[in-house]
Amino acid sequence: MHAMQYEITLPADYDMGIIRTRVATRGHLLDTLPGLGIKAYLVRERGTHSPVNQYAPLYLWTASEGMNAFLRGPGFQGIVDDFGRPEVQHWSGLSYAEGPAAAALPRTATRHRVPIPASMAPAEAVEAALVESGTRAKAPGTVATALAVDPRHWELLHFTLWEHDAPEAPGEHYEVLHLSMPERERLGEGRQW
C-alpha cells in the first residue's frame, strides 16, 4: 500500500461550491481506476475548525504502478491545468484496517502527521504507532484507518475515515465529499511492516 496526498490551499474568499461541484461531477471518474484502493475527496473550509479553505484528496494505492500511472495521466493533469502543479506527498504503507462502520460511507476524515524524533529508533516509533492504529480501527464509527511512513522526513501518517463527525483528536479534520474505492479489498488488511 502507498498513501498519497496533495493539498490545494485556496483564497479565504474562495467559493468552495466550485470544489463541491467539481467533485460531484468528476469524482465518479476514478470509481473504476486500476490500482486505486481508496480516494477520499477531502475538503476543509475556513471558519469550520480550519484556518484555510483547502481541497486535499488522499489516496491509498494498492501498488506504486497505479500511483505512477495516475500522476502521469489525464486525471492529475486536470488538477495541474486548473490549480497549478501541487507538491505530492507520499508515504509507504504500514497497516490498513477496516473499522466497525466499514459498510458505511464516511462523512469525515482525520489526518495526523507525526514526526519521528531523531532520538527514537524508527522501529520503536512504528511499533507504538501500530498499536495506536489498531485501537483506532476498533473505535465506534471508524470506517477504515491507515498508517504509513515517509522515510525521507521520518514522519508517520495516521489517516482515518469516520461515518460521523470525527472525534476531537490532533491533526487536520476534513469533510469527505466522495469516496472512490475500486480496489479497496486489495489494500491488505493488517500490518505491512
Side-chain angles (χ1 to χ4, degrees), residues 1-7 9 33-42 44 49-50 54 56-72 76 86-102 104 106 108-163 166-174 176 179-193:
M1 178 184 74
H2 297 273
M4 181 185 96
Q5 186 178 37
Y6 48 87
E7 299 167 303
T9 301
L33 184 67
L36 178 61
I38 289 174
K39 177 181 179 180
Y41 293 78
L42 306 177
R44 298 192 297 161
H49 307 293
S50 174
Q54 193 174 69
L58 194 140
Y59 303 72
L60 298 177
W61 298 96
T62 60
S64 60
E65 293 83 5
M67 178 175 69
N68 294 338
F70 173 76
L71 289 172
R72 70 174 178 263
F76 186 68
E87 176 182 301
V88 177
Q89 304 165 85
H90 57 93
W91 302 263
S92 296
L94 298 173
S95 71
Y96 173 80
E98 302 274 318
T108 62
T110 53
R111 181 196 72 176
H112 187 210
R113 295 167 27 182
V114 181
I116 298 174
S119 61
M120 181 180 243
E124 182 182 336
V126 167
E127 288 303 322
L130 285 165
V131 170
E132 181 183 340
S133 187
T135 301
R136 184 173 292 144
K138 296 173 186 165
T142 299
V143 174
T145 190
L147 175 67
V149 64
D150 170 0
R152 178 172 183 235
H153 298 104
W154 290 110
E155 170 187 84
L156 293 166
L157 169 77
H158 295 270
F159 176 67
T160 305
L161 295 166
W162 303 93
E163 77 166 328
E168 285 301 317
E172 294 75 32
H173 292 240
Y174 300 93
V176 179
L179 189 72
S180 293
M181 49 185 171
E183 296 185 7
R184 180 176 173 177
E185 74 284 351
R186 293 189 55 222
L187 286 173
E189 184 87 16
R191 293 172 62 124
Q192 300 172 19
W193 167 266

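What's counted below: heavy atoms across the whole structure, side chains too, no hydrogens, waters or symmetry copies.
Put simply, the side chain of His173 gets close to the backbone of Ala169: a donor and an acceptor are under 3.5 Å apart. Thr62 places a side-chain N or O within donor-acceptor distance of the main-chain N or O of Gly35, the cut-off being under 3.5 Å. Of the possible donor and acceptor atoms, none in the side chain of Glu163 sits under 3.5 Å from a partner among the backbone N and O of Thr108. Glu132 places no side-chain N or O within 3.5 Å of a backbone atom of Ala128 that could act as its donor or acceptor partner. Of the possible polar contacts, none joining the Glu172 side chain to the His112 backbone as a donor-acceptor pair under 3.5 Å is found.
Residues Pro100 and Ala137 approach most closely at CD-O, 3.1 Å, considering heavy atoms. Here the shortest heavy-atom pairing between Arg184 and Ala102 reads NH2-O, 3.2 Å. Heavy-atom minimum distance, Leu60 versus Leu187: O-CD2, 3.8 Å. Here the shortest heavy-atom pairing between Ser180 and Leu36 reads CB-CD2, 4.3 Å. Nearest heavy atoms, Ala101 versus Val143: O-CG2, 3.6 Å. Scanning both residues, Leu157 and Ala3, for their nearest heavy atoms gives CD2-CB, 3.9 Å.
The CE atom of Met4 sits 5.0 Å away from atom CZ of Phe70, with the distance rounded to the nearest 0.5 Å. Taking CE of Met1 as the reference point, atom OG of Ser92 lies at 9.0 Å (rounded to 0.5 Å). Note that OG of Ser95 is 4.5 Å distant from CG of Leu147, once rounded to the nearest 0.5 Å. Taking OG1 of Thr145 as the start and CG of Leu161 as the end, the distance is 8.0 Å to the nearest 0.5 Å. A distance of 9.5 Å separates CG of Leu58 from CD1 of Ile38, quoted to the nearest 0.5 Å.
Side-chain atoms of His2 and Ser64, non-hydrogen and from C-beta on, do get closer than 4.5 Å to each other. Considering only heavy atoms from C-beta on, Leu42 stays 4.5 Å or farther from Pro57 through its side chain. By the 4.5 Å heavy-atom criterion applied to side chains, Asp150 and Trp91 are counted as neighbours. For the pair Arg191 and Tyr96, the minimum side-chain heavy-atom distance is 4.5 Å or more. Using a 4.5 Å heavy-atom cutoff, the side chains of His158 and Arg111 are not in contact.
For Thr9 and Gln54, the side-chain atoms include at least one donor-acceptor pair closer than 3.5 Å. No side-chain donor-acceptor contact under 3.5 Å links Tyr41 and Tyr174. Between the side chains of Thr110 and Trp162, at least one donor-acceptor pair of N or O atoms lies under 3.5 Å. If you check the side chains of Glu183 and Trp61, you find no donor sitting under 3.5 Å from an acceptor.
Between Phe76 and Tyr6, the ring planes lie perpendicular to each other; the angle is over 60°, past the 30° to 60° tilted range.
When each of His153, Gln5, Arg113 is paired with Gln89, the side chain to side chain donor-acceptor pair (under 3.5 Å) condition holds for Arg113 and for no other.
At most 12 non-hydrogen atoms from other residues, nucleotides or ligands lie less than 6.0 angstrom from NE2 of His90.
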